[in-house]
Structure formats: C-alpha cells, structure tokens
Amino acid sequence: MNRHLISAADLSRDDALLVLDTAAELAQIGGRSIKKLPTLRGRTVVNLFFEDSTRTRISFEAAAKRLSADVINFSAKGSSVSKGESLKDTALTLQAMGADGVVIRHHASGAPLTLTQWVEGSVINAGDGTHEHPTQALLDAYTMRERLGRLEGLRVTIVGDVLHSRVARSNVALLHTLGAEVTLVAPPTLLPVAVGSWPCEIDYALDAVLPKTDVVMMLRVQRERMSAAFFPSAREYSRRYGLDRDRLGRMPEHAIVMHPGPMNRGMEIAAEVADSPRSTIVDQVGNGVSVRMAVLYLLLGGASPAIGGDQREGEL
Amino acid sequence: MTHLIKGVRITGDEPTDVLIKDGLIAETGRGLDAEGAEVLDADGLIALPGLVDLHTHLREPGREDAETVATGTAAAALGGFTAVHAMANTEPVADTAGVVEQVWRLGAEAGHCDVRPVGAVTVGLAGERLAELGAMAESVAAVRVFSDDGMCVSDVLLMRRALEYVKAFDGVVAQHAQEPRLTEGAQMNEGEVSGRLGLTGWPAVAEEAIIARDCLLAAHVGSRLHICHVSTAGSVEILRWAKSKGWQVTAEVTPHHLLLTDDLVEGYDPIYKVNPPLRTAEDVTALREALAEGIIDAVATDHAPHSVEDKETEWPAAAMGMLGLETALAVVQRTMVDTGLLDWAGVADRMAYRPAAIGRVAGHGHPLRPGAPASLTLYDPAAPVTVDPANLASKSGNTPYRGMTLPGRVVATLLRGVPTVSEGKLQ
Ligand SMILES: [Zn+2]
C-alpha cells in the first residue's frame with residue numbers, strides 16, 4: 001500500500017483485497033462485541049472536514065476510536081479555516097500536533113493530494129470536490145461482496161450525476177480493478193465529455209440495462225443542477241432515471257440496490273425501493289466503519305497485526 | 001558609446017560584425033574596426049531584433065507584491081525583449097489616460113525596456129461601457145492596443161463598437177476569447193484529464209466560438225482584431241479561414257501553449273494553472289504548425305506573476321497564470337527551431353517584426369541593417385540552462401519550467417545602443 005489513500009485508482013488489486021479482507025476480520029471482532037482494539041493506541045488521527053458531512057466524519061471517528069486512536073475533530077466551520085487561513089497553514093498546525101493520520105474532506109478536487117506535501121502523516125481522502133471518495137468505493141465493494149459473494153464479473157450499474165460524483169469516479173476505478181463490469185447510466189449532460197475513455201460502458205437509458213444488472217447504485221442528484229440546465233425538471237429526471245418499484249421488478253431476483261447517501265427520496269430513488277430488503281443502504285453504513293478501520297490500520301498500524309493480541313499491545 | 005559586435009550571426013546568417021553608434025546600427029560586415037569601441041566577441045551567438053511582447057502582466061499598480069514595472073521589465077530585458085505591452089488588468093484598471101501614463105512613466109524610469117501600456121476596452125474591465133479609448137490613445141502613452149484581458153469582451157454589441165471606435169486612431173482590440181457561460185467555474189481543459197480529476201472543464205469551444213464571432217464582426221466593420229493566447233487546434237482552423245478571406249485578424253500563442261499539455265495537471269500543482277488552460281498534445285502540434293505557417297502571427301508571453309500565497313494552495317483556489325518573459329526565447333528554440341519548424345529569421349518575424357507591427361510600436365521590429373535602431377538581443381542557442389525560480393529577476397517564482405533544462409540563453413540585450421543586459425546580467 002501507498003502511505004496515503006488519495007484515489008481508488010492508486011489501489012492495486014492486492015491492496016484492495018487486503019483492505020476488504022482486513023475489514024471482514026475486523027467486522028467479526030466487532031460482532032463479538034469486543035468493540036475496542038488496542039491497535040492504534042497512542043496514535044493521533046485528525047478528522048479535517050472543510051465540508052459538512054456528519055455521516056462520514058462519524059464513521060471515521062468510530063473507526064479510529066475502535067482502534068484506540070486519539071481522535072481530533074478539526075472542522076472548518078467556526079475555526080480559523082473559515083477565516084481565510086490557508087490549507088497550508090492548517091496543514092502546518094496539524095504537523096505540529098503530530099498527527100499520524102489526517103482524514104480530509106474538502107470541497108476542492110485535489111486538496112488531499114496537495115495536503116500530502118505539507119504533512120508527514122498518512123493522508124486519507126474522505127471525499128474531495130468532484131474527484132474521489134475512495135473509502136466509499138471500498139465499503140461499496142465490501143457490501144457487494146458480502147451480499148453477492150464475489151466481485152469478479154459482477155455487473156454493476158451506476159446511475160445519475162456522474163459528472164459531479166466523486167463516488168462514481170472511485171467506484172469505476174476500484175470495481176474495474178476488482179474485475180467487475182461497470183455501466184454508467186445518466187443523461188448525457190451529467191457525464192464527463194471524455195467518459196468514453198473510462199474503463200466502463202455508457203448508456204443513456206436505464207430500462208435496457210436493468211435486466212442485466214447485479215447491482216444498481218443510485219447517485220444523489222442535487223436539485224440545483226436543474227438551474228444549470230443539466231435536466232429540465234425533477235419530475236422528468238425521476239421518470240427517466242429514478243429507481244421505482246416497476247424498475248426494481250425488471251432486475252434479476254438477486255440484484256441489490258445501493259445508494260451512497262444522503263438520498264433524495266422521490267427523486268433518484270422511490271421510498272419503497274430505498275426501504276426494500278434488496279436495498280443495502282443500512283448495511284453500507286455499518287460496513288463503512290469496518291472498511292475505514294481497515295484503512296486506518298493498514299496505513300497507520302505498520303507491520304503489527306490488526307487483531308488478536310492484547311499481548312502485543314506493548315509493541316504498538 | 002560605440003559598440004562593435006564581432007562575428008555574430010544576424011537571424012542565423014553567416015557571421016558578421018555589427019558596429020553600433022549613437023543608438024543606431026552604423027555598419028555591418030566582416031572585419032570591421034572602430035577605434036574606442038567596446039568590442040563584444042559574439043562567436044556562436046545569434047543576433048535577433050529586440051523582442052516585442054504583446055502580452056505582459058506587470059501587476060503595477062496594485063499587486064506590487066507579485067511584480068512591479070521595474071522587476072517585470074528587468075525580466076523582459078533578461079529574456080531578450082526591448083518592448084513589452086503591459087496588460088490593463090491592474091488595480092486600478094488601466095482604463096484612463098492617468099493610469100496608462102503612470103505605467104508608461106514607471107517603464108521609462110526603470111529603463112530596462114520600452115513599456116507600451118494596453119488600455120482597457122471597458123471601464124473597470126466590467127464589460128458594460130467603453131473606457132475612454134481616445135483619451136488613452138492621445139495620452140503620452142500613445143495606446144494602440146486595447147484589451148480587457150483576463151476578461152472576455154463577451155457582449156457582442158460592445159465588441160462591435162470597440163472594434164469600430166479604435167479605427168479612428170489605428171488601434172486594435174486584443175480579445176481574450178473566453179465565452180463566459182461555457183466556462184463558469186472552469187479549472188482546466190475539458191477533456192479526458194478533467195473528467196478523471198473532477199475539475200470543471202474549460203472547453204475548447206468556449207474559445208473558438210468567440211474567435212469565430214469576432215472574426216465575423218471585424219470583417220463586417222473592417223477593423224483590426226487581435227486574438228490573445230490562442231490555445232486550440234479548432235481556433236487555428238477558424239483563423240486560417242479568416243485570413244484566407246483577407247480580414248485584418250492577427251493572433252498570438254504563448255510559449256507555454258507551445259510546450260506544455262494538460263496531463264501536467266494530474267498532480268494538482270497550481271503552477272500549471274493558467275488561462276486559457278494547457279491543452280492536449282494535438283493542440284500543441286496544431287499551434288506549432290500554425291505559428292510556423294504564419295496563421296498565428298506572434299509569440300506573446302502572457303507573463304503572469306503571482307505571489308506564493310496565490311499559488312501554494314489547493315488547485316481551485318489558486319490564481320491562474322505563469323511566468324514567461326525570461327524563458328520565452330529558449331522555449332521557442334526548443335519547440336520551433338530545434339524541431340525544424342522555424343529558422344531564426346522566422347523567430348525574428350514572430351517575436352519582433354510582427355508583434356511590433358500589430359502593436360504599432362515605433363522604433364522596434366526592424367531588421368538589423370545599417371540605419372536601424374540598435375535594439376537587439378544576442379542569444380546563445382547552445383548554452384543549456386536549468387530553470388531555477390531563484391535565479392529569475394521576476395518578483396514571483398511561478399515558472400512552470402522549474403527544474404527543466406532549456407536549450408539556450410540570452411547573453412546580451414541592447415536598447416537603442418545601450419546594453420540593458422550584458423553577459424547574461426542585468427545592467
Ligand atoms: Zn488572457
């Protein structure tokens with residue numbers, strides 16, 4: 001593994017499988033109600049959130065705490081960051097605090113990579129602009145494998161605002177690495193102009209794709225996109241690209257429905273679909289903690305084993 | 001002061017001597033001798049007419065932390081330039097006779113090269129009403145090039161009026177061709193790389209649509225139009241068509257658009273953030289060929305100094321622009337001469353004769369013959385230099401060529417017979 005996790009595209013197949021396997025082991029421990037492992041005791045993880053995302057922050061916080069790391073939440077709101085302090089100054093502050101790991105969420109694509117030049121600790125991208133969100137892709141892959149037993153050859157359809165989606169970018173890269181076949185479905189306005197060079201198929205119509213789909217992942221579509229003429233109305237969007245009960249019925253029996261959240265119920269996904277047993281949306285949240293534990297452990301834990309040793313505590 | 005340059009190759013021709021007296025070229029030929037002359041051995045050096053830049057940001061008044069007229073013109077002299085056009089997007093904007101005269105005076109006081117202020121087309125670059133173009137033309141700065149550079153004059157009626165109005169004093173409107181609606185929030189060239197990096201795209205069509213529109217307007221009103229920093233293969237095709245009609249359209253390309261491509265953005269290093277953005281390898285090829293062919297008339301640096309704070313940041317927050325004056329000639333050698341696309345006479349044409357003609361710059365852009373002003377640069381095309389921002393005269397360090405080895409260096413620059421640069425050092 002690299003020292004940082006910036007892009008899902010940086011993960012080799014072996015790296016990615018190591019994360020997923022480690023996450024599975026850690027989940028087992030969690031299930032046995034020994035919720036805290038001593039693995040990262042004495043290590044400091046900073047959650048550096050320049051953009052509000054309570055869900056992601058809590059997930060990383062829970063992951064770090066279950067590994068016994070000290071967690072510092074550094075939120076841009078109300079801090080010096082919003083008063084014009086530069087990313088570099090913030091980074092130098094973190095450096096002085098001795099952060100072993102920095103989990104960064106930023107509205108600017110590329111900010112996590114830029115941060116790596118100013119801090120010595122590992123940088124973990126928790127979502128940057130419209131670029132990537134690699135731990136989301138890892139937890140999605142984890143969820144798919146858990147539900148369907150494999151990733152190789154899995155047919156995954158990602159639907160919605162690909163242009164502005166860091167989740168889509170990370171998923172396309174990671175799923176390709178892991179041997180899944182990805183199809184992106186969106187109105188042409190919500191696909192990057194050069195999407196043809198991505199390692200996936202493209203379709204503009206959802207109905208034709210659904211019967212050949214094992215996993216459908218619905219992306220959040222922001223209503224604001226209408227004002228920039230990406231599509232005419234919420235109603236037309238949901239009619240053409242929303243996942244309702246009828247469309248769910250066109251998918252194979254075993255197929256699952258995913259959503260990275262937060263959902264716009266009634267827009268890209270009907271409430272009854274979101275709440276159906278085929279939806280993995282709740283699993284995704286739980287799996288998020290296991291996968292982020294695995295990432296933190298693999299990046300910060302050095303060579304020590306993730307689990308199984310109070311006796312090893314002294315070495316950590 | 002009399003200077004005798006020995007054995008120099010004027011625009012790459014056979015070695016000759018050049019005698020300079022009273023600011024003029026007195027004589028050329030082999031074996032010249034002159035008593036009391038300061039002799040300069042120029043064996044292996046190329047002499048070019050003093051370079052003329054149509055597009056320089058000197059940042060003064062307003063952003064003296066990034067560059068001043070004095071430091072920017074020092075950089076120009078070190079790059080072989082004897083005249084630069086100072087763009088109008090200063091603070092305050094150069095939209096009145098007062099501001100252009102101030103810039104002109106600062107240039108004259110510094111004395112490193114002639115400064116030709118560019119006047120804003122619209123008040124405050126706001127694109128709403130015409131600035132007092134006539135007053136700037138008649139001022140001591142004698143403005144002939146008008147531009148809202150940094151901003152596009154996107155209002156089609158205002159552009160038409162500007163083109164028509166400047167005919168009265170033989171002016172030219174230099175358009176920063178960027179359709180604003182198509183480039184809202186734009187961060188880099190729209191294409192494969194922008195899609196992958198999740199950076200909002202700046203599509204080629206946003207440049208090409210404005211160029212096509214403005215060529216048609218210029219033809220309709222019979223005016224001179226100049227296109228700043230052409231960056232796409234499609235723009236070249238439109239310019240080729242406009243020129244084939246005989247319309248008075250000229251264009252420039254920057255050294256960085258002749259060399260660098262958008263895949264450099266992959267590391268999100270804002271040193272590569274520039275407007276218009278770095279494009280693809282196909283665009284670079286088309287631009288080089290267009291410059292060789294003369295479809296693009298001139299190389300212009302778009303020298304754009306920025307402070308460290310404005311560049312050492314996350315990509316979307318960073319300022320757009322890169323340094324260019326001190327590296328321009330070496331980049332042109334590498335991209336145009338060493339590739340066989342242009343000879344040194346061609347370089348003289350694209351970097352001195354034509355830009356001087358476009359800007360109506362008196363006393364510059366003349367072939368180096370007896371009687372011509374002795375404004376020239378001596379260039380060593382076989383002296384590779386590794387670019388180090390610390391060695392640049394510019395007050396800023398935002399060069400995209402840091403660590404890159406460029407093939408040659410400016411040895412001396414003379415402005416009307418007076419060395420502004422000698423042995424590679426500012427005088
Ligand atoms: Zn410009």
Side-chain angles (χ1 to χ4, degrees), chain A residues 6-10 48 50-51 76 81 84-92 104 106-118 125 127-134 161-170 172-173 184 190-200 202 227-229, chain B residues 179-208 232 234 261-273 277-283 306-320 398 402-403:
Chain A
I6 303 301
S7 160
D10 297 339
L48 181 58
F50 289 83
E51 202 179 62
V81 177
E85 185 177 288
S86 72
L87 179 62
K88 184 178 180 182
D89 291 332
T90 306
L92 297 179
I104 176 174
H106 203 287
H107 44 79
S109 299
L113 183 61
T114 302
L115 184 68
T116 60
Q117 65 184 312
W118 298 312
N125 181 2
D128 63 328
T130 54
H131 176 224
E132 285 226 32
H133 193 355
D161 186 358
V162 174
L163 182 64
H164 302 97
S165 174
R166 50 196 175 210
V167 175
R169 278 175 184 75
S170 288
V172 168
L184 299 175
L190 291 176
L191 291 167
V193 289
V195 73
S197 63
W198 291 17
C200 59
I202 309 297
S227 56
Chain B
E179 211 297 314
R181 285 281 281 158
L182 283 174
T183 51
E184 281 171 16
Q187 296 294 326
M188 69 169 296
N189 179 47
E190 182 167 74
E192 194 270 322
V193 183
S194 69
R196 196 152 33 81
L197 297 185
L199 290 172
T200 306
W202 197 133
V205 64
E207 174 173 308
E208 294 153 7
T232 80
T261 49
D262 69 345
D263 51 321
L264 289 165
V265 181
E266 304 245 5
Y268 296 95
D269 184 346
I271 203 82
Y272 300 112
K273 186 172 178 183
L278 301 178
R279 304 286 188 185
T280 67
E282 292 74 50
D283 293 306
H306 285 294
S307 67
V308 173
E309 309 85 82
D310 287 339
K311 279 291 190 185
E312 249 187 21
T313 174
E314 62 274 23
W315 178 281
M320 293 185 278
N398 55 306
R402 175 178 49 201

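The chains referred to below are lettered A, B, ... by the order of the sequence lines, with proteins before strands, and numbering in each begins at 1. Side chains are part of it too, since the values below use all heavy atoms of this structure and drop only hydrogens, waters and symmetry mates.
Annotation for B:Leu199 and A:Ser109: closest pair CD2-CB, 3.7 Å, computed over non-hydrogen atoms. A:Pro192 and B:Gly195 make their closest contact through CB-CA, 4.0 Å (heavy atoms, listed as atom of the first residue, atom of the second, distance).
Contact annotation for residues 306-315 of chain B against chain A (heavy-atom separation below 4.5 Å, listed by residue number): B:Glu312, B:Thr313, B:Glu314, B:Trp315. Listed by sequence position, B:Glu190, B:Gly191, B:Glu192 are the residues of residues 184-193 of chain B in contact with chain A, using a 4.5 angstrom heavy-atom cutoff.
Counting only distance, with no hydrogens or angles, the side chain of B:Arg196 and the backbone of A:Trp198 share no donor-acceptor pair below 3.5 Å.
For A:His106, there are no side-chain hydrogen bond (donor to acceptor under 3.5 Å, both in side chains) partners two or more places apart in sequence or in a different chain. The side-chain hydrogen bond (donor to acceptor under 3.5 Å, both in side chains) test applied to A:Ser170 returns A:Glu132, not counting sequence neighbours.
If you take CG on A:Asp128 and OH on B:Tyr268, they are separated by 5.5 Å, rounding to the nearest 0.5 Å.
For chain B, the nearby part of A:Val193 is the side chain; its heavy atoms alone come within less than 4.5 Å.
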